[in-house]
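To keep things clear, I will list the structure first and then write my remarks on it.
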Amino acid sequence: MSDFEIRTLDTEEHRAVSNLFRETVHMPPSDDAEWVYAARYYQPGGALGAFDPELIGTARLFDAELTVPGGARRPTVGVTSVGVRADRTRRGVLRALMTAQLEDCAARGVVFANLLASEAGIYGRFGYGLATRCRSYRVDARRARLRPDAPAGGDLELLDLDRALEVCPGVYDGLERRPGMMSRPEVLWRLYEMQLRRHTTPAKAVVHHGPGGPDGFAVYHVEGATAHPWTTTLEVSDLFAGSATAYAGLWRFLLGIDLVDRVAAESRPLDDPIELLLADHRSGKVEGISDEHWLRLVDVGEALSARAYGHADPVVVEVTDPLLPGNSGAYLITPDGAGRTDRPAGLRMDVTTLAMIYLGTWTPSALADAGRIEVRDPAAPAAADLLFGTRVAAWSGSYF
Ligand SMILES: CC(C)(COP(=O)(O)OP(=O)(O)OC[C@H]1O[C@@H](n2cnc3c(N)ncnc32)[C@H](O)[C@@H]1OP(=O)(O)O)[C@@H](O)C(=O)NCCC(=O)NCCS
């Protein structure tokens, strides 16, 4: 059986999307109580379904904005709930869903698409490149102290979950963003609400107040306080700081909470400066580095002209994009901007590889060395490293 049709689903069909997706990732369906929250995580009109005639595959999205190097923000979509029923895989259903979704995004003027991948081998063929990475960090809270010269931090306000869900979205919206960070539309906060309400211990938020008002927050809950002898872990699900003072103030608070043995922060930026604040940097430990967001440049010309570049000689990059062929062509990248050109290419790459260098996470030289970029001008990789490099590590910090 290989005939199927793709169409946009109605809101009443979203629960079927959820059930199918959860089945493909080996999870039970949401019960009615969870669906009250889960349903709000669906953007109306954002879900595609494949039918043969039953629903056999889904992919959905929500609209947001992505911050690019230099600070500009452009429309992106967060892609999620991608799954194909186990008895209908490997016959092109995902390819049809991805193609329809990307063509729709291109027609709507969306510049990017972001996703988190269950497996590394799936999305490269559709033009998604691994564009941000993150690290998980554990701190021994019984032992850790901040250095005496670490910023003292400002006032802190502890909020319960209901209040946190009112306050934190506004604080997040006001913060300066790293390359790779997304706006968090209402639907995304509803996902986080569902996840935070699922914990058996109460989730809390702490908001940092700087001279100009709230400028950072952390959301956390504590696991393990069930039976003596306790070994408790404070799990940080969000930590965003608009200044070094807010960052130090939030960590000082988290490490000072009583009856906490460990603080675990997942999905932190690769250059997160926590160990620089610790008096003994060995009281904290990087537990691992992993994939974070995969990025698709839906409109390559707009994406390249939106970001800022470092100082180096101009480079011509020739891009191939079989799925959205309008993107294919040569682009001149200069410290002052980027645009289409007829000049001969210094570097040739596919749109997947371009996504890997776009936010500065991987260098063109490294990708050329790995055979993923064809070098036509030997001076081009080093120049492109400087042009595409960023001052801070790209990172999203938003999971979906
Ligand atoms: C991943 C998944 C959606 C793929 O769906 P599918 O309909 O089988 O994919 P298609 O038949 O359209 O395959 C398209 C291409 O991707 C490849 N592919 C599909 N799944 C793959 C996987 N898990 N790993 C590597 N390659 C994969 C196919 O071989 C095919 O390659 P080709 O272009 O060279 O022919 C499906 O296997 C699934 O639901 N998996 C479990 C849930 C999951 O992981 N979802 C993703 C969440 S991020």
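In each ligand, atom 1 is the first atom listed, and ligand 1 is the first ligand listed.
- The pair R22-E34 meets the salt-bridge criterion, since a charged nitrogen lies less than 4.0 angstrom from a carboxylate oxygen.
- Remark: side-chain polar atoms of R73 are not paired, donor with acceptor, to backbone N or O of R177 under 3.5 angstrom.
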Give every pair made of an N or O atom of ligand 1 and a protein N or O atom lying under 3.5 Å apart, one pair per line with both atom names and the distance to 0.1 Å, or write 'none'.
unit_1: ligand 1; atom_1: 7 (O); unit_2: L94; atom_2: N; d: 3.0
unit_1: ligand 1; atom_1: 8 (O); unit_2: R90; atom_2: N; d: 2.7
unit_1: ligand 1; atom_1: 8 (O); unit_2: R90; atom_2: NH1; d: 2.7
unit_1: ligand 1; atom_1: 11 (O); unit_2: R90; atom_2: N; d: 3.4
unit_1: ligand 1; atom_1: 11 (O); unit_2: R91; atom_2: N; d: 3.2
unit_1: ligand 1; atom_1: 11 (O); unit_2: G92; atom_2: N; d: 2.8
unit_1: ligand 1; atom_1: 12 (O); unit_2: L94; atom_2: N; d: 3.1
unit_1: ligand 1; atom_1: 12 (O); unit_2: R95; atom_2: N; d: 2.8
unit_1: ligand 1; atom_1: 16 (O); unit_2: R125; atom_2: NE; d: 3.2
unit_1: ligand 1; atom_1: 16 (O); unit_2: R125; atom_2: NH1; d: 3.2
unit_1: ligand 1; atom_1: 20 (N); unit_2: R90; atom_2: NH1; d: 3.3
unit_1: ligand 1; atom_1: 20 (N); unit_2: R90; atom_2: NH2; d: 3.4
unit_1: ligand 1; atom_1: 23 (N); unit_2: E119; atom_2: OE1; d: 2.9
unit_1: ligand 1; atom_1: 31 (O); unit_2: R125; atom_2: NE; d: 3.3
unit_1: ligand 1; atom_1: 31 (O); unit_2: R125; atom_2: NH2; d: 3.4
unit_1: ligand 1; atom_1: 33 (O); unit_2: R95; atom_2: NH2; d: 2.9
unit_1: ligand 1; atom_1: 33 (O); unit_2: R125; atom_2: NE; d: 3.2
unit_1: ligand 1; atom_1: 37 (O); unit_2: R90; atom_2: NH1; d: 2.9
unit_1: ligand 1; atom_1: 39 (O); unit_2: V84; atom_2: N; d: 2.8
unit_1: ligand 1; atom_1: 39 (O); unit_2: V84; atom_2: O; d: 3.3
unit_1: ligand 1; atom_1: 44 (O); unit_2: S118; atom_2: OG; d: 2.6
unit_1: ligand 1; atom_1: 45 (N); unit_2: V82; atom_2: O; d: 2.8

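- The hydrophobic cluster containing I122 also contains L61, counting ILVMFWY residues as joined when their side-chain heavy atoms lie under 4.5 angstrom apart, directly or transitively.
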Please list, one pair per line, the donor and acceptor atoms closer than 3.5 Å that link side chains of residues 239-252 to other protein atoms, with sequence neighbours excluded.
unit_1: S243; atom_1: OG; unit_2: T245; atom_2: N; d: 3.4
unit_1: S243; atom_1: OG; unit_2: A246; atom_2: N; d: 3.0
unit_1: Y247; atom_1: OH; unit_2: W251; atom_2: NE1; d: 3.2
unit_1: Y247; atom_1: OH; unit_2: D272; atom_2: OD1; d: 3.1
unit_1: Y247; atom_1: OH; unit_2: D272; atom_2: OD2; d: 2.9
unit_1: Y247; atom_1: OH; unit_2: I274; atom_2: N; d: 3.2
unit_1: R252; atom_1: NE; unit_2: A152; atom_2: O; d: 3.3
unit_1: R252; atom_1: NH2; unit_2: A150; atom_2: O; d: 3.4
unit_1: R252; atom_1: NH2; unit_2: P151; atom_2: O; d: 2.7

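- Under 3.5 Å, the side chains of E12 and H14 contain no donor-acceptor pair of N or O atoms.
- If you check the side chains of E287 and S136, you find no donor sitting under 3.5 Å from an acceptor.
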